[in-house]
Participant: 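Mind having a look at this structure? Questions to follow.
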Amino acid sequence: MLGKLTKNAFKSNAAGIYNIYIAEGIITIVMLILLLVDWTKWGDTGVGLGLAIKCIASVALCITAAIGIVMTFVSVFSDFKRNMYGIEGHLTLSLPVRGSSLLFAKWLSGAFWVILSYLVFCLAAGGSALYIFRHSMSIVEGDAAYSSIYQVATEMIRQLCDSAGIVTPSAHVLGYVVAMYAFDGGIRACSFVLLVFFAITLAHCRPFNKLGKIGAVLYFFAGTFITQTFASMITKLVKIYVVVSDTAFTFTLSEAEVKAAWQMGFGAYSMTNLYCTVVMTVAVFLVTAYLIDRKVNAE
């Protein structure tokens with residue numbers, strides 16, 4: 001049954017989201033064409049109109065991706081409200097399944113689309129930044145200065161590390177650190193989606209439904225505040241770090257060791273806050289599932 005619920009949740013979300021990605025894809029193709037056109041063949045020197053067009057196209061690409069995130073949020077959360085507590089609510093809540101199964105299916109689908117939209121934005125923003133940086137540096141230092149995006153990214157990382165006064169980590173270490181922070185972002189996106197679902201659910205429970213739509217917003221911020229406060233308090237008491245080298249992962253509680261690791265060209269990641277976020281997310285899931293089974297009222 002859980003598999004069917006999840007499949008239906010994905011279909012329901014996709015029905016409201018695919019138009020967003022079609023429109024975003026068309027705009028992206030137009031922006032990429034503007035970026036890839038060699039404007040010097042049209043009489044531009046590369047530092048005038050052509051560069052301006054490329055910069056505008058890059059910014060437009062990022063704005064398009066950001067709008068896609070917002071529209072994905074609106075679609076996912078509107079679908080959850082309509083399907084669970086709106087015009088379809090009575091049918092959904094009458095299904096012979098537990099609230100935890102309904103919530104998990106909706107949560108899995110919603111988190112997938114939110115993370116996907118976030119990744120699209122990161123690719124658009126990161127790719128645009130690298131492209132503009134490469135184009136600008138090529139003008140200053142010659143076309144052979146940075147022949148690939150990899151060289152551009154490496155140079156940007158080296159400059160950032162130099163400005164921070166640390167040794168530039170190896171590509172191997174950077175890969176692990178990026179993977180850790182990407183996983184961290186995915187978990188936090190899942191927590192964000194669940195907190196919104198919790199707020200919408202609480203806003204449909206008596207006596208919390210008296211505030212209407214404003215109540216859902218207030219409950220979301222209240223839930224976020226409690227979750228982050230708990231995580232911050234525990235993080236101040238105990239800080240667990242993972243130090244990444246070329247050959248091993250090491251756990252430590254010492255901030256001095258972490259600072260020394262960065263100075264030596266290693267990477268480090270603090271996992272305490274993420275662990276607390278996961279604990280609070282599980283608690284929010286259980287509370288939301290309980291409300292769906294016992295307290296919620298469909299419109």
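Along the sequence shown, residues are numbered consecutively beginning with 1.
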Participant: Any chain of hydrophobic side-chain contacts (each under 4.5 Å) joining Tyr290 to Tyr85?
Facilitator: yes
Participant: Are Ile115 and Phe183 joined in one hydrophobic group, where the rule is that I, L, V, M, F, W and Y side chains link up if heavy atoms are under 4.5 Å apart?
Facilitator: no
Participant: Between Phe285 and Trp107, does the ring centroid distance fall short of 6.0 Å?
Facilitator: yes
Participant: In sequence, state the C-alpha distance, the side-chain angles, and the governing distance for Leu274 and Arg188, and then conclude on side chain to side chain contact (heavy atoms under 4.5 Å, CB included).
Facilitator: CA-CA 8 Å; Leu274 178 63; Arg188 295 184 188 280; 4.2 Å; yes
Participant: Could you tell me the separation between the CZ atom of Arg294 and the SG atom of Cys205, rounded to the nearest 0.5 Å?
Facilitator: 12.5 Å
Participant: Ignoring hydrogens, what is the shortest heavy-atom contact between Asp293 and Ser100? Give both atom names and the distance.
Facilitator: OD2-N, 4.5 Å
Participant: I want to check something: taking the side chain as every heavy atom from C-beta on, are Thr227 and Thr281 in contact at a cut-off of under 4.5 Å?
Facilitator: no
Participant: Could you walk me through whether Leu286 and Val284 pass the side chain to side chain contact (heavy atoms under 4.5 Å, CB included) test, one step at a time?
Facilitator: CA-CA 5 Å; Leu286 295 176; Val284 171; over 6 Å; no
Participant: Linking I/L/V/M/F/W/Y whenever their side-chain heavy atoms sit closer than 4.5 Å, directly or via other members, would Val287 and Val193 fall into one cluster?
Facilitator: yes
Participant: Please identify which of these residues, Leu103, Ile200, Ile292, meets the side chain to side chain contact (heavy atoms under 4.5 Å, CB included) condition with Met84.
Facilitator: Ile292
Participant: Does anything in residues 98-127 form a salt bridge (Lys or Arg N to Asp or Glu O under 4.0 Å)? List the pairs, not counting sequence neighbours.
Facilitator: Asp79-Lys106
Participant: Does any non-hydrogen side-chain atom of Ile69 lie less than 4.5 Å from one of Phe73?
Facilitator: yes
Participant: Show the nearest heavy-atom pair for residues Cys190 and Ala111, with the distance to one decimal.
Facilitator: SG-CB, 3.8 Å
Participant: Out of curiosity, Ser117 OG to Ile67 CD1, how far, rounded to the nearest 0.5 Å?
Facilitator: 13.0 Å
Participant: So which heavy atom on Ala65 is nearest to which on Phe121, and how close?
Facilitator: CB-CA, 3.6 Å
Participant: Treating Ile, Leu, Val, Met, Phe, Trp and Tyr as nodes and any side-chain heavy-atom pair under 4.5 angstrom as an edge, say whether Leu195 and Phe104 lie in one connected cluster.
Facilitator: yes
Participant: If you compare all heavy atoms of Ala231 against all heavy atoms of Asn273, which two are closest, and at what distance to 0.1 Å?
Facilitator: CB-ND2, 3.6 Å
Participant: Would you give the length of the straight line joining atom CE of Met71 to atom OG1 of Thr64, rounded to the nearest 0.5 angstrom?
Facilitator: 11.0 Å
Participant: Would you call Thr72 and Tyr118 a side-chain contact if the rule is heavy atoms closer than 4.5 Å?
Facilitator: no
Participant: What is the distance from atom CG of Leu194 to atom OG1 of Thr201, rounded to the nearest 0.5 Å?
Facilitator: 9.0 Å
Participant: State yes or no: do Met233 and Val279 share one hydrophobic cluster built from I, L, V, M, F, W and Y residues joined by side-chain heavy-atom distances below 4.5 Å, directly or via other members?
Facilitator: no
Participant: Taking atom NE2 of His204 and atom NZ of Lys81, what is their separation to the nearest 0.5 Å?
Facilitator: 4.0 Å
Participant: In terms of the angle between their ring planes, are Phe192 and Phe77 parallel, tilted or perpendicular, with boundaries placed at 30° and 60°?
Facilitator: perpendicular
Participant: Is it true that a side-chain atom of Ser109 and a backbone atom of Ala105 form a donor plus acceptor pair closer than 3.5 Å?
Facilitator: no
Participant: Does a side-chain heavy-atom distance below 4.5 Å link Met180 with Met271?
Facilitator: no
Participant: Please output the side-chain donor-acceptor pairs of residues 218-226 that fall under 3.5 Å, not counting sequence neighbours, one pair per line with the distance.
Facilitator:
| residue | atom | partner | partner atom | Å |
| --- | --- | --- | --- | --- |
| Tyr219 | OH | Phe208 | O | 2.8 |
| Thr224 | OG1 | Phe220 | O | 2.9 |

